[in-house]
Amino acid sequence: MSNFFLQKHADGLKAVEEGLKKEPRNAGFNRLGMFFNTELKNYDKAIEYGDALFNRSDSAKFSYMDYTYLGNAYNGLKQADKAIEQYEKALNTEFDNKAKRAGVVKALSDAYVEKEDFDSAIKYYKEYMSAFDKASANDLAGLAGMYLQKGATLKDAAAKKEAFMMADAAYADLENQYVDAQEYVNFMRARVNLQLDPEQKQGLAKPYYEKLIELIAPKAEKSKSDITRLTESYRYLISYYLVANDDKETAKSFATKLKEIDPENEIAKQVLEMK
């Protein structure tokens, strides 16, 4: 148990193996064997220990952690249906605080993502988020990401559009709650709106790429990520003005800016050579 709390999983597993030589039906040893092997990503072994805990241990009483760890092991093996079964069992046990229960709900949501059942995944993800007074920035971004994943799997145009619009709304909510996420949000909203307007006729992504330039271009020192985002923004605006609006002069102005941050950029060169 000390090794478990210290996260010394390999050392703890050695102690478990020694203990089981003396008491092979000891629930505590089998439980910790499942825990340690799951943490060590030995998922097949974890399931073996789980079987011993649930079916071949004396006087065993089960908690949400037992079902959750077994679910995590199945999830590690990409066996989402079996993982979901264990997480649902975990949710039917008692919890001493809502944060622990929320963790299991989140794991259940992740398992549904693995199945590409995004409606169920989103449902449980929202339940997970509702356990907290205020969702974290990462959680809000996670919700938006699920809508993006859902949209990418859909063939029906109307359903795809709805999913991407929900992603856009989730990113907007993220920016409203966390001002520091402005660059990330505008970058992601630009990409989402490009999905909604792939031919750029409506210019849905335009305000977000423009905002991104406004936020990044004035920086005295730009990171690799900054350059990547600026490059994408300039390329979009070049295409928007050149292809969708036949405005060569404005397209060239953005090509000039693109060439400043990437002198060898072929798109910038080609646009600037146009007559």
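One is the number of the first residue; the rest follow in order along the sequence.
When all heavy atoms are compared, the tightest approach of A102 to A131 is CB-CB, 3.7 Å.
Of the possible polar contacts, one joining the K160 side chain to the G151 backbone as a donor-acceptor pair under 3.5 Å is found. D51 places no side-chain N or O within donor-acceptor distance of the main-chain N or O of I47, the cut-off being under 3.5 Å. Looking only at distances, no side-chain donor or acceptor of D139 sits under 3.5 Å from a matching main-chain atom of A135. In this structure a side-chain-to-backbone donor-acceptor pair under 3.5 Å is missing from N193 to L196. Between the K222 side chain and the I227 main chain, no donor and acceptor come within less than 3.5 Å of each other. Judged by distance alone, the side chain of T228 and the main-chain N or O of K224 form a donor-acceptor pair under 3.5 Å. Between the side chain of N42 and the backbone N or O of T38 there is no donor-acceptor pair closer than 3.5 Å. In this structure, the side chain of D226 engages the main chain of S223 through a donor-acceptor pair within 3.5 Å.
The cluster map of Ile, Leu, Val, Met, Phe, Trp and Tyr, joined by side-chain heavy atoms under 4.5 Å apart, puts V113 and L77 in the same cluster. Tracing side-chain contacts under 4.5 Å through hydrophobic residues (I, L, V, M, F, W, Y), one never reaches L6 starting from M1; they form parts of separate clusters. Note on V16: it clusters hydrophobically with L40, by side-chain heavy-atom contacts below 4.5 Å among ILVMFWY residues. Tracing side-chain contacts under 4.5 Å through hydrophobic residues (I, L, V, M, F, W, Y), one never reaches I216 starting from V179; they form parts of separate clusters. Transitive grouping of hydrophobic side chains (ILVMFWY, heavy atoms separated by less than 4.5 Å) keeps L154 and M166 in distinct clusters.
Taking 4.5 Å as the limit, some side-chain heavy atom of L194 sits within range of a side-chain heavy atom of Y236. Between F118 and Y112, every side-chain heavy-atom pair lies at or beyond the 4.5 Å cut-off. Here the side chains of E210 and E214 are not in contact, with every heavy-atom distance at 4.5 Å or above. Between K206 and Y241 there is a side-chain heavy-atom pair separated by less than 4.5 Å. L32 is not listed as a side-chain neighbour of Y49, based on a closest heavy-atom distance of 4.5 Å or more. The shortest distance between side-chain heavy atoms of T231 and I261 falls below 4.5 Å. Residues N72 and Y87 form a side-chain contact, since some pair of their non-hydrogen atoms from C-beta on lies under 4.5 Å apart. Side-chain atoms of M129 and L140, non-hydrogen and from C-beta on, do get closer than 4.5 Å to each other.
Ring pair Y67/F54 is parallel by interplanar angle, where below 30° counts as parallel and above 60° as perpendicular. Under the 30°/60° scheme for interplanar angles, the aromatic rings of F35 and F4 are found to be tilted. Using the six-membered ring where Trp is involved, F132 and Y128 have ring planes that are perpendicular, over 60° apart on the 30 and 60° scheme.
The residues K259 and E264 are annotated as not salt-bridged, no charged nitrogen and carboxylate oxygen being separated by less than 4.0 angstrom. Using a 4.0 Å cut-off between charged nitrogen and carboxylate oxygen, K14 and E17 do not count as a salt-bridge pair. A salt bridge does not link E273 to K269: none of the charged nitrogens lies less than 4.0 Å from a carboxylate oxygen. Look at K150 and D119 and you find a salt bridge, because one of the NZ, NE, NH1 or NH2 atoms lies within 4.0 Å of a carboxylate O, short of that distance. Under 4.0 Å is where a charged nitrogen must lie from a carboxylate oxygen, and between E232 and R229 no such pair does. Under a 4.0 Å N-O distance rule, the pair K219/E183 qualifies as a salt bridge. The pair E127-R101 meets the salt-bridge criterion, since a charged nitrogen lies less than 4.0 angstrom from a carboxylate oxygen. For the pair K201 and D197, the salt-bridge criterion is not met [side-chain N within less than 4.0 Å of a carboxylate O].
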Can you check salt bridge (Lys or Arg N to Asp or Glu O under 4.0 Å) on K257 and E260, steps first, answer last?
-> CA-CA 5 Å; K257 292 177 181 179; E260 287 173 1; over 6 Å; no
I213 and L237: side-chain contact (heavy atoms from CB on, under 4.5 Å), yes or no, with the steps?
-> CA-CA 11 Å; I213 292 169; L237 290 167; 3.4 Å; yes
Before giving the answer on ring-ring contact (aromatic ring centres under 6.0 Å, His included), spell out for F95 and Y64 the whole-Å C-alpha distance, their side-chain angles and the decisive distance to 0.1 Å.
-> CA-CA 7 Å; F95 292 84; Y64 82 93; 4.7 Å; yes
Derivation of the side-chain contact (heavy atoms from CB on, under 4.5 Å) call for H9 and N3 | CA-CA 6 Å; H9 305 304; N3 280 310; over 6 Å; no
Could you go step by step and tell me if N26 and D58 meet the side-chain contact (heavy atoms from CB on, under 4.5 Å) rule?
-> CA-CA 6 Å; N26 184 292; D58 296 326; over 6 Å; no
Give the intermediate values and the outcome of side-chain contact (heavy atoms from CB on, under 4.5 Å) for residues Y178 and K134.
-> CA-CA 11 Å; Y178 294 93; K134 182 179 180 181; 3.5 Å; yes
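A donor-acceptor contact closer than 3.5 angstrom is absent between the side chains of Q182 and N186. Side-chain contact, D110 with N75: no donor N or O sits under 3.5 Å from an acceptor N or O. With 3.5 Å as the limit, one finds no donor-acceptor pair spanning the side chains of Q86 and T68. No donor-acceptor contact under 3.5 angstrom links the side chains of Y240 and D247, judged on distance only.
Rounding to the nearest 0.5 Å places CD of E39 at 12.0 Å from CG of L13. S109 contributes atom OG, which lies 7.5 Å from atom OH of Y125 (distance to the nearest 0.5 angstrom). Atom OG of S233 and atom CZ of R235 lie 11.5 Å apart (nearest 0.5 Å). Atom-to-atom distance recorded for S120:OG and I84:CD1 is 7.5 Å, nearest 0.5 angstrom.
A cation-pi arrangement is not found for R189 relative to Y171, the charged atom failing to lie both closer than 6.0 Å to the ring centre and inside a 45° cone about the ring normal. The side-chain tip of K22 does not point at the ring of F29 from less than 6.0 angstrom away and within 45° of straight on.
In this structure, Y69 has its ring center at least 6.0 angstrom away from the ring center of F36. Not less than 6.0 angstrom separates the ring centroid of Y208 from the ring centroid of F187.
Environment of CE in M65: crowded, with over 12 heavy atoms of neighbouring residues, nucleotides or ligands closer than 6.0 Å.
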